[in-house]
Amino acid sequence: MLTTRDKAIIKDLNKFRVMDRNSIAELHFSNLKNPILSTNNVLLRLLRDGQIQRSTEFTPYVYFGPNVQIKKNSQKISHFLAILNTYKEIRKHGHIQTFLVEPKYSKKGCAEPDVFLKFRNTGFFIEVQKTLYSDKLMQGKMDRYLEFYQLNIMDPFPHVLILSDQRYAIDDEYPFKVFQSESFTDFINTLKGNNKVVPQIKQPSIKRVVNS
């Protein structure tokens with residue numbers, strides 16, 4: 001029989017698509033004397049029982065929910081792990097009200113954010129941009145956000161936060177706020193340095209959502 005912790009781990013595996021062993025230990029076993037050993041024991045049991053999947057292509061090993069369809073050596077794994085690391089970073093700054101991975105809000109070809117985040121009563125679409133894009137490609141991504149904005153599906157429209165080591169030349173005339181930072185921590189520190197706080201807006205009202 002699955003324990004409450006087992007169910008929470010499987011829920012997170014489905015949420016994040018893939019998780020590395022150390023992240024599972026951090027999120028679910030940090031209160032124990034030996035988190036890594038306890039994590040290994042639980043994951044091995046869940047794996048043997050067919051409750052989760054595993055890839056040994058990475059060190060430490062990475063794990064998937066039972067129904068997640070990702071090749072065990074897929075390049076997408078690194079992307080999902082970057083999203084997971086962003087989640088772990090954000091939670092150090094306070095309570096995360098909502099964190100959705102690759103939510104689908106409209107038709108294909110419209111904006112497809114890596115994350116929808118609700119933090120301090122503020123909505124963000126986050127782009128975890130670890131792959132280098134040209135300014136032209138990033139501009140095209142931002143234009144798709146503009147098309148999404150014009151559909152009037154979400155009110156108010158979330159801010160867009162690009163997390164990347166690269167600074168992009170982006171038009172500043174969008175009807176929504178666009179931020180760029182190397183990390184969420186740097187973003188928060190920049191706001192503090194400017195004597196600002198994260199602007200608070202009400203929870204977006206989603207008129208139509210296509211579940212991923």
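Numbers for residues simply follow the sequence, beginning at 1.
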Discussion item. Evaluate Glu127 against Ser164 for side chain to side chain donor-acceptor pair (under 3.5 Å), listing each step before the verdict.
Written reply: CA-CA 8 Å; Glu127 293 290 331; Ser164 175; over 6 Å; no

Item to complete: I would like to know whether Ser23 and Asp20 meet side chain to side chain donor-acceptor pair (under 3.5 Å); could you show each step before the answer?
Response: CA-CA 5 Å; Ser23 292; Asp20 61 281; 2.7 Å; yes

Worksheet item: Any Lys/Arg nitrogen of Glu57 or Lys71 sitting under 4.0 Å from an Asp/Glu carboxylate oxygen of the other?
Response: no

Worksheet item: Donor-acceptor pair, Ser74 side chain versus Ile70 backbone, under 3.5 Å?
Response: no

Worksheet item: Side chains of Tyr145 and Glu147: donor-acceptor distance under 3.5 Å anywhere?
Response: no

Discussion item. Please report whether the ring centroid of Phe187 lies less than 6.0 Å from that of Phe179.
Written reply: yes

Worksheet item: Would you say the side chains of Gln97 and Asn121 form a donor-acceptor pair under 3.5 Å?
Response: yes

Worksheet item: Is there a donor-acceptor contact under 3.5 Å from the side chain of Thr122 to the main chain of Arg120?
Response: yes

Worksheet item: Heavy atoms, side chains only, cut-off 4.5 Å: are Gln51 and Leu2 in contact?
Response: yes

Item to complete: Give the minimum heavy-atom separation between Leu163 and Ser183, together with the two atoms involved.
Response: CD2-C, 3.6 Å

Discussion item. Using the rule that Ile, Leu, Val, Met, Phe, Trp and Tyr join whenever any side-chain heavy atoms are under 4.5 Å apart, tell me whether Ile96 and Ile188 fall into a single cluster.
Written reply: yes

Item to complete: Using the six-membered ring wherever Trp is involved, compare the ring planes of Tyr105 and Phe148 and label them parallel, tilted or perpendicular (cut-offs 30° and 60°).
Response: parallel

Practice prompt. I would like to know whether Phe176 and Phe125 meet ring-ring contact (aromatic ring centres under 6.0 Å, His included); could you show each step before the answer?
Written response: CA-CA 11 Å; Phe176 47 85; Phe125 286 139; 8.7 Å; no

Item to complete: Run the ring-centre check on Phe124 versus Phe116 and record whether the distance is less than 6.0 Å.
Response: no

Fill in: Distance-minimising heavy-atom pair for Ile36 and Arg21
CG2-NH1, 3.6 Å

Worksheet item: Can you hop from Leu47 to Leu13 via hydrophobic side chains spaced under 4.5 Å?
Response: yes

Item to complete: Report yes or no: do Asp143 and Tyr174 form a side-chain donor-acceptor pair below 3.5 Å?
Response: yes

Worksheet item: For Phe119, is the NZ or CZ atom of Arg91 found under 6.0 angstrom from the centre of its six-membered ring and inside 45 degrees of the ring axis?
Response: no

Worksheet entry | Evaluation steps, side chain to side chain donor-acceptor pair (under 3.5 Å), between Thr39 and His28 | CA-CA 8 Å; Thr39 304; His28 295 282; over 6 Å; no

Item to complete: Say whether, by atom type as modelled, one donor and one acceptor occur between the side chain of Glu112 and the main chain of Lys104 under 3.5 angstrom.
Response: no

Discussion item. So does Phe64 get a backbone contact from the side chain of Arg17, meaning a donor-acceptor N/O pair under 3.5 Å?
Written reply: no

Worksheet item: Out of curiosity, does Leu46 fall in the hydrophobic cluster containing Leu44 (side-chain heavy atoms, cut-off under 4.5 Å, transitive links)?
Response: no

Item to complete: Could you please spell out the steps behind the side chain to side chain contact (heavy atoms under 4.5 Å, CB included) verdict for Ser55 and Asn73?
Response: CA-CA 8 Å; Ser55 172; Asn73 60 351; 5.9 Å; no

Worksheet item: Is there a donor-acceptor contact under 3.5 Å from the side chain of Asp135 to the main chain of Ala169?
Response: yes

Worksheet item: Should the pair Lys92 and Phe184 be classed as cation-pi, given the thresholds of under 6.0 Å to the six-membered ring centre and 45° from the axis?
Response: no

Discussion item. Testing the 3.5 Å rule here: is there a donor-acceptor pair between the side chains of Ser38 and Asn41?
Written reply: no

